[in-house]
Amino acid sequence: MSLSAAEPETIKGRRKSSAAQKALEKASERPVTTFEASELSEEDRKLAELGYVQVYKREFSWLSCISFAMSISGLYASVATTFVYPLEAGGASSAVWCWLISGAGCMCIAISVSELASAYPTSGGLYFTCKYLVPDRWVPEISWLCGWFNVLGQVAGLASTEYGCAQLLLAAVSLASGPTSDGFRYMPTARQTVGVSAAVTVMHSALNSLNTSYLERITRSYVIFHIGVLVSCCITLLVMCDYKSSSSYVWTEVVPDSGWAPPGWSFLFGFLSVSWTMTDYDATAHIAEEIKNPEIKAPWSITIALAFTYIGGWLFTIVLSYCTGDVDTLLETPLGQPVAQIFYNVIGPTGGTIFTVFAFIVLNFTGMTGMQAGARTFFAVARDEMIPLSRIWAKVNKTTHTPLYSVWLISCAAICINLIGLGSYTAIAAIFNVTAIALDWSYCIPILCKMIYGQFKPGPFYLGKASFFINLWAVIWTLFVSIIFILPTIRPVTAENMNYASVILAGMSIFAVIYWYAGGRFYYTGPRVKAQLLDEGDTTNTVSRLTEKPVA
């Protein structure tokens, strides 16, 4: 059956609005690229069956895929920059137990994402899966909402990573400058932090402008460096710390410093550190078109990397908890980085500076790979004409085989967000807080659709009978921690410590809805078909059916 023969049925079955029909009819008139099945590799054929033309080089191997997935979490550096939240929430015990509990919930999300990425390996990640998981008539609306949530999460996540890089680097400079009676000789200003974050962002943009093969080589080295730093740091802290906390304090005492009551409620804010570390699960899915055998390597890389992050993060947190010393002193450190202060207290100025610099290097890998995943996200939604000026952002440079315009677009967006830090750190922190909520719900929307509509056809990575229960817990857990994410972490609440994440999230949702009714519904039809695959031996020029559900 030809694709064109199926289109009237799709138009008829989707929606009855004239705007929707006109959008679909206009989309069906756009030219597509036709391929002979025998001319394509197995991966490229699968992509053509999903409706897209292969434009990237498949350079990523097993090692680089796993390394890429691990770099997204930035375990060592992410724990270092977010350890303050469990310390305020309930002290060392909050850090330890929240990692164990929250990590299990995050693993359910990661495995659920892996399952979908295996079935539909494209640069669109879970946004693209909506095409197959919901009834035809709802594909545009649900894909639109899911896509905008993912875009928001990618941009906010990159901005927070780059800002964290700047904070760690300047914290290392402060440690190296030497102490004074009230802090350190050098203390960074907001302008310096924003300036350094912009410089780091430009550096990551330049790296992402290189050929895919160079990105693969840079990424491949990360996993060895990260594991080496993590292990050496844990050993050094345990050996050199001469004031270790007691086990009863680390495992059983809840000492909240957030102002929330009862203490059990305050304890829950320890989940924030885990959720910020174990997020952006679909980043590896966004480079699926640059991976050989992506339906196998992408999901397994996500699962292996997140399992390592879960276990490694918990063990690292336990080590830090035993080395906290006086929590009030850590929370009041002029560095603004309790873990950097722990390094300084335990190892001394030189060792503390070195391990803080290591955290900066690790977080740089997170920024670089996060930008790569974010740029592919912009490319994917632009390919489907979801965002303004889509034709520009969907272009792939013929020399580097990378989406240069999308790379610099997300870079500029991240820099603009971080410029807000010049006026108010509270405002910029609210945007950072949205990262995990926006990303996790961009995953849970397809996961919910998978469970509700029952249209999912699994790929090689499949959870079997456990799939429904793991998916269900992933959604329930996301709903639970989303409530924690939008609450202020300190009481009494003031304009300076208020969490405005709910305002940002509501504003983005309203923007997506208004933009849809104002213009999106007139041209956006969901993930589009850009390629047609001819059956082998086809002498009648009949196009084979690309998908179970053809979409214009």
Side-chain angles (χ1 to χ4, degrees), residues 70-89 94-95 98-99 102 106 156-175 188 190 192-194 196-197 200-201 204 226 229-230 233-234 237 269-280 309 312-314 316-317 319-321 323-324 327 330-344 352-370 414 417-418 421 425-426 428-436 439 485 489 499 501:
M70 284 181 58
S71 68
I72 287 297
S73 68
L75 166 60
Y76 174 76
S78 295
V79 172
T81 54
T82 60
F83 194 62
V84 61
Y85 293 101
L87 286 184
E88 290 177 337
S94 177
C98 284
W99 251 100
S102 184
C106 292
L158 179 62
S160 64
T161 299
E162 307 293 27
Y163 202 89
C165 281
Q167 288 179 318
L168 286 172
L169 179 61
L170 295 177
V173 175
S174 294
L175 289 174
Q192 291 168 341
T193 304
V194 170
V196 171
S197 70
V200 172
T201 304
H204 293 157
H226 191 179
V229 168
L230 185 64
C233 181
C234 290
L237 289 175
F269 288 103
F271 292 137
L272 298 180
S273 177
V274 193
S275 295
W276 269 313
T277 303
M278 296 180 67
T279 190
D280 206 0
T309 301
W314 189 49
F316 185 39
T317 299
V319 172
L320 291 175
S321 297
C323 300
T324 54
V327 173
L330 290 181
L331 293 176
E332 295 171 2
T333 174
L335 292 172
Q337 297 288 331
V339 173
Q341 188 66 51
I342 290 175
F343 292 160
Y344 181 85
T353 302
I354 290 173
F355 277 107
T356 303
V357 170
F358 283 163
F360 165 73
I361 295 173
V362 166
L363 203 58
N364 265 274
F365 278 99
T366 302
M368 189 194 76
T369 52
I417 288 175
N418 285 337
Y425 181 78
T426 301
I428 192 177
I431 299 176
F432 296 164
N433 290 346
V434 167
T435 300
L439 286 176
F485 263 106
T489 58
N499 183 359

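In this text, all values refer to a predicted model and were calculated from it rather than measured experimentally.
- In this structure, OG1 on Thr193 lies 6.5 Å from CD on Gln167, to the nearest 0.5 angstrom.
- Screening Trp276, Phe271, Phe432 for a ring-ring contact (aromatic ring centres under 6.0 Å, His included) involving Phe485 leaves a single residue, Trp276.
- Counted by atom type alone, Trp99 and Thr317 present one or more donor-acceptor pairs between their side chains at under 3.5 Å.
- When all heavy atoms are compared, the tightest approach of Thr356 to Ala340 is OG1-CB, 3.9 Å.
- Between Ser102 and Ser275 there is a side-chain heavy-atom pair separated by less than 4.5 Å.
- Nearest heavy-atom pair, Leu230 versus Leu75, reported as atom, atom and distance to 0.1 Å: CD2-CD2, 3.6 Å.
- Atom CG of residue Leu168 and atom CD1 of residue Ile361 lie 11.0 Å apart, to the nearest 0.5 angstrom.
- Leu331 is listed as a side-chain neighbour of Leu87, based on a closest heavy-atom distance under 4.5 Å.
- Atom OG1 in Thr277 sits 10.5 Å away from atom CG in Leu272 (nearest 0.5 Å).
- Formation of a donor-acceptor pair under 3.5 Å by the His226 side chain with backbone atoms of Tyr76 is found in this model.
- Annotation for Ala77 and Ala359: closest pair CB-O, 3.2 Å, computed over non-hydrogen atoms.
- Between the CG atom of Leu169 and the CZ atom of Phe360 there is a distance of 4.5 Å, given to the nearest 0.5 Å.
- Closest approach of Met278 to Cys106, counting heavy atoms only: CE-CB, 3.7 Å.
- The closest side-chain heavy-atom distance from Ser94 to Phe269 is not below 4.5 Å.
- Taking the side chain as every heavy atom from C-beta outward, Val194 and Tyr163 approach each other to under 4.5 Å.
- Judged by distance alone, the side chain of Ser273 and the main-chain N or O of Gly270 form no donor-acceptor pair under 3.5 Å.
- Between the CG atom of Leu158 and the OG1 atom of Thr366 there is a distance of 10.5 Å, given to the nearest 0.5 Å.
- Side-chain atoms of Ser174 do not come within 3.5 Å of backbone N or O of Leu335 as any donor-acceptor pair.
- Residues Gly157 and Thr435 approach most closely at N-OG1, 3.3 Å, considering heavy atoms.
- Taken from SG in Cys234 to CG in Leu320, the straight-line distance is 7.0 Å, to the nearest 0.5 Å.
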### Task
Take Phe83 and Thr324 through the side chain to side chain contact (heavy atoms under 4.5 Å, CB included) test and state the conclusion after the steps.
CA-CA 11 Å; Phe83 194 62; Thr324 54; 4.1 Å; yes
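- Residues Gly421 and Ala190 share a closest heavy-atom pair of O-CB, 4.0 Å.
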